[in-house]
Each structure stands twice: as C-alpha cells, then as structure tokens.
Amino acid sequence: EAGVAQSPRYKIIEKRQSVAFWCNPISGHATLYWYQQILGQGPKLLIQFQNNGVVDDSQLPKDRFSAERLKGVDSTLKIQPAKLEDSAVYLCASSSRTEPYEQYFGPGTRLTVT
Amino acid sequence: GQNIDQPTEMTATEGAIVQINCTYQTSGFNGLFWYQQHAGEAPTFLSYNVLDGLEEKGRFSSFLSRSKGYSYLLLKELQMKDSASYLCAVRDWDSNYQLIWGAGTKLIIKP
C-alpha cells in the first residue's frame, strides 16, 4: 500500500510570511497527526484528527497555526505569520487500523524561516 | 508529570551488540514503541511492547519492565546502516492515547 505523502519537501520563507503543508495519509487510516520536530528532539504533537474531527490540539499555537482535514482524508497545516522559531521539520503521520495502532510517517517538510 | 529519558548519543562497532536504554514516567502507560530515524528521514516503526518481557524481531529485540518504568532496544550484529537515531515513545491513555516521545539516541557505528 502507498505510504503517507507530504508536500512540499522543503520550504524557505521569510518571517511574517505564510506557508501551507499538505498531507495524504495511508488509505483507510482514520487517525492523522501533525508533528513538529526540531533538530535533536523528538516529535512534538501539534494536532490529532480522528476522521475530520479534532481529538487534540492543545499544543497547537492557535494564534498562528491552523489545520484542517476536510472529508476525513487529506489534511493541510498552515502557519501565518511565520516566526524564526518555526524552523523545523513538519511530519504528518497516520495510524494503523489494528493494534498496536503504530504510526506511519510521511517524509516530512523541512521549513526554514529566515 | 510525563517524562522520557534516553542517552543522547552512543557509539558502537560494526558487528557488535548495543543496548539503548529508555526510562519513562507517565500517568497512564499503554504501551511503548521504538522507532528508527535516519538523518533527514521520517521515523519508522521498529517494535512495540505492552507486557513485561522481551520481544524479538530479527537482529532487533525490545524489552519492557513496567514496574521499573524501563525499556531497552537491543541491536545485534551491527551494520553500518544501523547508524541512526532511535526514538522511544510511550502511549499514554491519560493523554488521549497520544505518544509521548523521547529526544532520541543517536547511534554511531564505526567500522
């Protein structure tokens, strides 16, 4: 089966600009996650969707970040306006339908804010 | 609170065995995962433990002791391609069954 798809792979923007990332999970996976990973750290969960509903967005900086998952399949994550500290890799993952519900990750988007 | 601890970096020799430790503190333990992450790539699932004991999968094994809040990943017959970061993550039912991630252990394999 096809893996988790993400685009773009790389993005360089200036601070205060906006950016959007796209994710297409593995077919049939109801749960989708967006993570932020800073170099040398583990992934930090930004938002978790179950179908098209939000399960947890407690760590999403809602003043600048937004995410949606229309129709319970594809998802987009947006940052507006970007700050220097947003430079990171943004990973999208989806969960297996069976125990142990392991997460499958996309290749990520490396964002550099200058 | 919730906390995952792993060594920052380890070095081992090709062909040898290495053990990467992980200690955790969570309020609602519901399983422990190990992921491998090569530089510049996404994490990939290696193993899962929910009961105490050893799970073996080829050259990789993972051990769990829930009473001690401790796990290790054992890599045998090390190959150069095993150079990567190894992330320990605990699923916590008290946090919507989310994964709580460690910072990862960077493993360097030398010839």
Side-chain angles (χ1 to χ4, degrees), chain A residues 1-7 9-10 21 23-26 29-51 53-60 88-112, chain B residues 2-10 20 22-24 26 28-51 55 57 60 62 64 71 73 84-108:
Chain A
E1 66 186 350
V4 177
Q6 287 188 251
S7 67
R9 291 296 312 277
Y10 305 92
F21 312 127
C23 172
N24 182 246
I26 292 173
H29 282 192
T31 308
L32 184 148
Y33 312 81
W34 282 102
Y35 287 95
Q36 179 192 61
Q37 187 175 28
I38 293 172
L39 189 65
Q41 298 182 18
K44 171 189 169 184
L45 180 69
L46 294 175
I47 189 167
Q48 176 184 345
F49 290 96
Q50 179 78 14
N51 295 308
V54 175
V55 174
D56 192 305
D57 63 356
S58 58
Q59 297 192 89
L60 187 74
V89 175
Y90 291 84
L91 295 165
C92 178
S94 63
S95 286
S96 165
R97 286 168 285 185
T98 57
E99 275 282 356
Y101 307 113
E102 70 271 23
Q103 295 182 21
Y104 293 86
F105 287 82
T109 298
R110 182 174 299 278
L111 174 67
T112 302
Chain B
Q2 300 164 333
N3 194 47
I4 310 279
D5 285 314
Q6 308 178 231
T8 302
E9 187 174 296
M10 299 181 70
I20 302 174
C22 170
T23 57
Y24 63 88
T26 58
F29 178 84
N30 189 248
L32 186 143
F33 296 78
W34 284 96
Y35 280 78
Q36 180 189 59
Q37 186 174 27
H38 286 100
E41 298 183 11
T44 55
F45 170 69
L46 286 179
S47 69
Y48 171 73
N49 296 71
V50 67
L51 300 176
E55 294 283 340
K57 192 185 292 185
F60 293 5
S62 57
L64 175 68
S71 173
L73 181 69
S85 285
Y86 292 85
L87 297 158
C88 173
V90 172
R91 186 163 61 198
D92 185 1
W93 61 259
D94 206 27
S95 300
N96 285 318
Y97 293 91
Q98 291 173 16
L99 292 185
I100 311 300
W101 294 83
T105 298
K106 182 178 180 181
L107 177 64
I108 300 168

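Below, chains carry the letters A, B, ... as their sequence lines are ordered, and counting in each starts from 1.
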Exercise. Where do B:Phe33 and A:Gln103 land on the side chain to side chain contact (heavy atoms under 4.5 Å, CB included) test, with the steps shown first?
Worked result: CA-CA 10 Å; B:Phe33 296 78; A:Gln103 295 182 21; over 6 Å; no
Seminar exercise, completed: Ranking A:Ser58, A:Pro43, A:Gly42 by heavy-atom pairs under 4.5 Å to chain B gives rank one to A:Pro43
Exercise. With a 4.5 angstrom heavy-atom cut-off, which part of B:Tyr97 approaches chain A: side chain, backbone, both or neither?
Worked result: neither
Exercise. Would you call B:Ser95 and A:Asp56 a side-chain contact if the rule is heavy atoms closer than 4.5 Å?
Worked result: no
For this session: Go through the atoms of B:Gln37 and report whether side chain, backbone, both or neither lie under 4.5 Å from a heavy atom of chain A.
Result: side chain
Problem set entry | Flag for B:Asn96-A:Gln48: side-chain donor and acceptor within less than 3.5 Å | no
For this session: Provide the closest heavy-atom pair for A:Pro107 versus B:Ala42 in the form atom of the first, atom of the second, distance.
Result: CA-CB, 4.2 Å
Problem set entry | N-O pairing of A:Arg110 and B:Glu41 below 4.0 Å | no
Exercise. Out of A:Gly106, A:Pro100, A:Gly108, which one racks up the most heavy-atom pairs below 4.5 Å with chain B?
Worked result: A:Pro100
Exercise. Between CG of B:Leu99 and OH of A:Tyr35, what distance do you get to the nearest 0.5 Å?
Worked result: 4.5 Å
Exercise. Out of curiosity, A:Gln59 CD to B:Gln98 CD, how far, rounded to the nearest 0.5 Å?
Worked result: 7.0 Å
Exercise. When you look at A:Gln37 and B:Trp101, which way does the side chain to side chain contact (heavy atoms under 4.5 Å, CB included) test go after all the steps?
Worked result: CA-CA 11 Å; A:Gln37 187 175 28; B:Trp101 294 83; over 6 Å; no
Seminar exercise, completed: Comparing B:Cys88, B:Pro43, B:Gly102, B:Ala89 against chain A, the one with the most heavy-atom pairs below 4.5 Å turns out to be B:Pro43
Problem set entry | Side chain / backbone / both / neither for A:Glu99 at chain B, heavy atoms under 4.5 Å | side chain
Problem set entry | B:Phe45 to A:Glu102 - nearest heavy-atom pair and separation | CD1-CB, 3.7 Å
